[in-house]
Enquirer: 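My structure is below; once you've seen it, I'll send some questions.
Chain naming here is simple, since letters A, B, ... match the order of the sequence lines and numbering starts at 1 in each.
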Number of protein chains: 2
Amino acid sequence: MDAFAAIADPLRRELLTRLADGPARVVDLAAEHPVSRPAISRHLKVLTEAGLVEADDLGRERHYRLRPAALHDVRTFLASLDRRPLIAESALDALETEVRRTSRERRRTTQTAPQEEIA
Amino acid sequence: MDAFAAIADPLRRELLTRLADGPARVVDLAAEHPVSRPAISRHLKVLTEAGLVEADDLGRERHYRLRPAALHDVRTFLASLDRRPLIAESALDALETEVRRTSRERRRTTQTAPQEEIA
DNA sequence: AAAAAAGGTAACTCAACGGTTACCAATGGG
DNA sequence: CCCATTGGTAACCGTTGAGTTACCTTTTTT
């Protein structure tokens with residue numbers, strides 16, 4: 001399961017938020033949430049496979065801690081959605097109007113935004 | 001479905017990435033992906049309910065466009081995981097050592113990180 | 001007016017998720 | 001040495017998600 005799917009679950013997000021305050025044991029995490037310990041254990045397994053947490057074995061205890069670096073893909077995705085169109089919206093509107101006026105007979109084929117016409 | 005679950009699906013992420021380049025019709029989006037048009041339509045419904053996209057009806061066509069503002073919750077969550085401990089890690093380590101030395105008899109009860117002892 | 005295009009919805013199937021209880025191994029304290 | 005603690009895993013179950021095909025309405029085109 002990748003990081004996107006891992007953070008889709010509210011309980012897993014709470015676990016990550018908790019671990020942002022410092023490492024914790026499984027029993028402690030389970031005590032703070034209204035689900036059974038095996039459920040917590042499996043959520044931690046999912047988070048581990050996604051690289052979002054890592055565990056240190058200390059005797060019979062297992063201490064989980066956050067690995068924020070694994071959120072890189074998510075951050076990259078969010079950033080990619082932020083890229084603005086290279087041409088201002090108003091300019092596109094004006095160009096679209098002109099294209100429509102001069103090629104009214106041509107059927108609209110592929111898409112709405114006039115990027116293709118620009119290219 | 002909230003924004004977290006909405007972006008958990010790879011196909012929906014591709015749709016959002018595509019819409020970052022400009023609005024598009026359902027048939028165009030379907031043509032660019034290896035799934036049926038009804039599947040695309042339902043993904044767009046999910047994205048709409050999450051507030052991530054919005055549609056303009058133009059005759060028989062429906063033009064979907066991105067609404068990046070709906071990602072606010074996701075950004076906030078990521079930012080919340082970035083908060084560093086208020087005290088440097090090395091200082092915590094030193095303090096933990098001291099606590100262990102001076103209260104060796106006390107059973108470890110709640111959690112690993114020594115924030116509680118600080119408070 | 002008829003046909004084609006665009007797009008939403010319903011019904012169905014199958015796989016994946018998340019929860020539970022039961023059970024196991026390993027470690028540490030009396 | 002015994003037993004409590006910690007934590008992982010298996011088996012089971014109900015729900016949800018995502019895909020498909022079939023069908024419908026609305027709008028445009030010829």
Enquirer: With sequence neighbours excluded, tell me which residues meet side-chain contact (heavy atoms from CB on, under 4.5 Å) with A39(A).
Expert: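 A39(A): side-chain contact (heavy atoms from CB on, under 4.5 Å) contacts with V35(A), S36(A).
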Enquirer: So which pairs with a foot in residues 44-60 of chain A pass side chain to side chain donor-acceptor pair (under 3.5 Å), sequence neighbours left out?
Expert: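 Counting only pairs at least two positions apart or across chains, the side chain to side chain donor-acceptor pair (under 3.5 Å) contacts touching residues 44-60 of chain A are E54(A)-R65(A), D56(A)-R65(A), D57(A)-R62(A).
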Enquirer: Would you please name every residue forming a salt bridge (Lys or Arg N to Asp or Glu O under 4.0 Å) with D73(A), sequence neighbours left out?
Expert: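 Not a single residue meets the salt bridge (Lys or Arg N to Asp or Glu O under 4.0 Å) criterion with D73(A).
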Enquirer: Listed in order of residue number, which residues of residues 1-16 of chain B have a non-hydrogen atom at under 4.0 Å from DNA chain C?
Expert: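 Heavy-atom cutoff 4.0 Å gives no residues at all.
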Enquirer: Which ones in residues 33-45 of chain A lie close to DNA chain D, meaning a heavy atom under 4.0 Å from one of its atoms?
Expert: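 R37(A), P38(A), S41(A), R42(A), K45(A) - these, ordered by number, are the residues of the stretch whose heavy atoms sit under 4.0 Å from the strand.
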Enquirer: Can V46(A) be reached from L81(B) by stepping across I, L, V, M, F, W or Y side chains whose heavy atoms are under 4.5 Å apart?
Expert: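 Shared cluster, no.
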Enquirer: Should L78(A) and L11(B) be counted in the same cluster of Ile, Leu, Val, Met, Phe, Trp and Tyr side chains packed under 4.5 Å apart?
Expert: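 Yes, one cluster joins them.
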Enquirer: Determine whether a donor-acceptor pair (N or O, by modelled atom type, separation under 3.5 Å) exists between the side chain of S80(B) and the backbone of F77(B).
Expert: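 Yes: the side chain of S80(B) pairs with the backbone of F77(B).
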Enquirer: Show each protein N/O and nucleotides 26-28 of chain C N/O combination with a separation under 3.5 Å, one pair to a line.
Expert:
residue: dT27(C); atom: O3'; partner: R60(A); partner atom: N; Å: 3.4
residue: dT27(C); atom: O2; partner: R60(A); partner atom: NH1; Å: 3.3

Enquirer: Using salt bridge (Lys or Arg N to Asp or Glu O under 4.0 Å) as the criterion, list what pairs up with R37(B), not counting sequence neighbours.
Expert: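 Testing R37(B) for salt bridge (Lys or Arg N to Asp or Glu O under 4.0 Å), a comparison that skips the adjacent residues, returns none.
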Enquirer: Quick test of your reading: applying salt bridge (Lys or Arg N to Asp or Glu O under 4.0 Å), list the pairs with at least one residue in residues 3-16 of chain B, sequence neighbours left out, ordered by first then second residue.
Expert: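 Checked against salt bridge (Lys or Arg N to Asp or Glu O under 4.0 Å) - neighbours excluded - the pairs reaching residues 3-16 of chain B are D2(A)-R13(B).
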Enquirer: Just by distance, do the side chain of R67(A) and the backbone of L71(A) share a donor-acceptor pair under 3.5 Å?
Expert: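 It does not hold such a pair.
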Enquirer: Could you state the CG-C1' distance from D57(A) to dG8(D), rounded to the nearest angstrom?
Expert: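 Answer to the nearest Å: 11 Å.
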Enquirer: OP1 or OP2 of dG8(D) sitting under 4.0 Å from any side-chain N/O of Y64(A)?
Expert: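 Yes, because at least one side-chain N or O of Y64(A) sits under 4.0 Å from OP1 or OP2 of dG8(D).
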Enquirer: Expressed in angstrom and rounded to an integer, what is the separation of R62(A) atom CZ from dA25(C) atom C1'?
Expert: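 Between C1' of dA25(C) and CZ of R62(A): 13 Å.
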Enquirer: Rounded to the nearest 0.5 Å, how far does CG of L29(A) lie from CG of L19(A)?
Expert: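 Those atoms lie 5.5 Å apart.
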